[in-house]
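Remember, it's a predicted structure, so these values are computed and weren't measured experimentally. Heavy atoms only: backbone and side chains are in, while hydrogens, waters and symmetry mates are out.
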Amino acid sequence: MPELPEVEVVRRGLDQWVTHRQIESVEVLHSRAVRNHLAGGKDFCRRLSGRTINAVSRRGKFMWFALDDDHAVVTHLGMSGQVLVQEPEAEREKHLRIRVTFQDGGRAMHFVDQRTFGGMAIEELVEVEHGQRIPVSVLHIARDPLDPLFDPRTFVDGIRAKNTQVKRALLDQNLISGIGNIYADETLWRSEIHWALPTSRVTKVQAETLLRNSIDVMSEALAQGGTSFDSLYVNVNGESGYFSRDLNAYGREGEPCDRCGSIMVRESFANRSSFRCPRCQPKPRGIQLD
DNA sequence: GTTACGACCTGCGAGC
DNA sequence: TGCTCGCAGGTCGTAA
């Protein structure tokens, strides 16, 4: 599942392969991949033909290709999206949704997505603080903790002001972006905090600890090329990352905790799973869980 | 305005 | 062997 480190690995690869190249043609092979481009697939293809990609940028899990006409192709990988750079004669992937070729005749860009939760859309770029320009649909997304302009105080004050569970807050892309289910569990394990702790009871020190651990775990994952459990997450060259070997919580149900040796448990959380150590991350006092 | 929850989607593995 | 069903989870729309 692509979260911040995985998306950043892809962004870096694409920045190397597609920046400053002029698009020749675009094929949309599955309409759902451009469902957020309201003018439709034909318009998507027509408007991109002849445009040059100036840069590949990212905020949280959102990535965009800045074009030479004040617009950008906003791209979200969803749960299973991949952006690959392939030789022009390469065999088409089973779940190829969008294919972009370039006028230099070099490697093409393939958007591959098995579960079709991801997609692309052309959007206007608007100026925000510090002269940055971001797509309209990304305006509501908070800066991610690896962003040099991320404000720790805003996060610390923000999470303590909320009225929800701490894991829900970590997954709230309006508060802090880039964290998904895997890195939320890893952050909570490192912080020795239960996922259901009410944010109203999070101390300033705990909030600072959560932030520091989220930065650490995602930085470490980024250094290893991201986390992958199967072929669903790969970089632009189709290679998997190695961070799954270093996970302390996610997917470790029934295994001993790396810190205390207690058996890790899996619990249902918001229609998905949450993994924790019952000793290091005890249930908060006074909290009733199903 | 804030929070919670269902829908979207498809491949895989378990169970029968 | 083949079928059914549950699970995986990021984002958005809607209801409360």
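Checking C:dT11, C:dA8, B:dA4 against every side-chain atom of A:S273, the shortest atom distance belongs to C:dA8. Among the nucleotides C:dC7, C:dC12, B:dG11, the one closest to the side chain of A:H95 is B:dG11. Taking every side-chain heavy atom of A:R32 into account, B:dC8 is the closest of C:dG10, B:dT10, B:dC8. Comparing atom distances between the A:N163 side chain and each of C:dC12, C:dG10, B:dT3 picks out B:dT3 as nearest.
Ring pair A:F269/A:W195 is perpendicular by interplanar angle, where above 60° counts as perpendicular and below 30° as parallel.
Between the CD atom of A:E3 and the P atom of C:dA8 there is a distance of 15 Å, given to the nearest Å. Per the geometry, CG belonging to A:L77 stands 17 Å off C1' belonging to C:dA8, to the nearest Å. Put simply, CZ on A:R35 is 11 Å from P on C:dT11, counting in whole angstrom units. Taking atom CG of A:D172 as the reference point, atom C1' of B:dT2 lies 10 Å away to the nearest angstrom. The interatomic distance linking A:Q165 (CD) with B:dT3 (P) rounds to 12 Å, in whole Å. Going from atom CE of A:M63 over to atom C1' of C:dT11 covers 16 Å, rounded to whole Å. With rounding to whole Å, A:K94 atom NZ is found 11 Å from B:dT10 atom P. Distance A:Q173 CD to B:dT2 P: 17 Å, rounded to the nearest Å.
Between B:dC9 and A:H30, no contact under 4.0 Å exists linking OP1 or OP2 to a side-chain N or O. Close to B:dT2, at under 4.0 Å from its OP1 or OP2, lies no side-chain N or O of A:K162. Between A:R97 and B:dC9 there is no side-chain polar atom (N or O) within less than 4.0 angstrom of OP1 or OP2. Phosphate contact (OP1/OP2 of B:dC8, side-chain N/O of A:T116, threshold under 4.0 Å): absent. Within the 4.0 Å cut-off from OP1 or OP2 of B:dT2, not a single side-chain nitrogen or oxygen of A:T164 is found. Using a 4.0 Å cut-off, some side-chain N or O of A:H76 falls inside it from OP1 or OP2 of C:dT11.
Counted within 6.0 Å of CG on A:N174, heavy atoms from surrounding residues, nucleotides or ligands total more than 12; the atom is thus considered enclosed. Other residues, nucleotides and ligands place no more than 12 heavy atoms under 6.0 Å from the CD atom of A:E91.
Sequence order on DNA chain B of the closest nucleotides to A:R272 and A:T199 puts A:T199 first from the 5' end.
Side-chain N/O atoms of A:R115 and base N/O atoms of C:dG10 include no donor-acceptor pair closer than 3.5 Å.
For the residue pair A:E93 and A:Q86, a side-chain donor N or O sits within less than 3.5 Å of a side-chain acceptor on the partner.
Ion pair A:R51/A:D68 flagged as a salt bridge, since at least one NZ, NE, NH1 or NH2 atom sits closer than 4.0 Å to an Asp/Glu carboxylate oxygen. A salt bridge links A:E27 to A:R92: at least one charged side-chain nitrogen sits closer than 4.0 Å to a carboxylate oxygen.
Note on A:F269: nothing from the nucleic acid sits closer than 4.0 angstrom, heavy atoms only.
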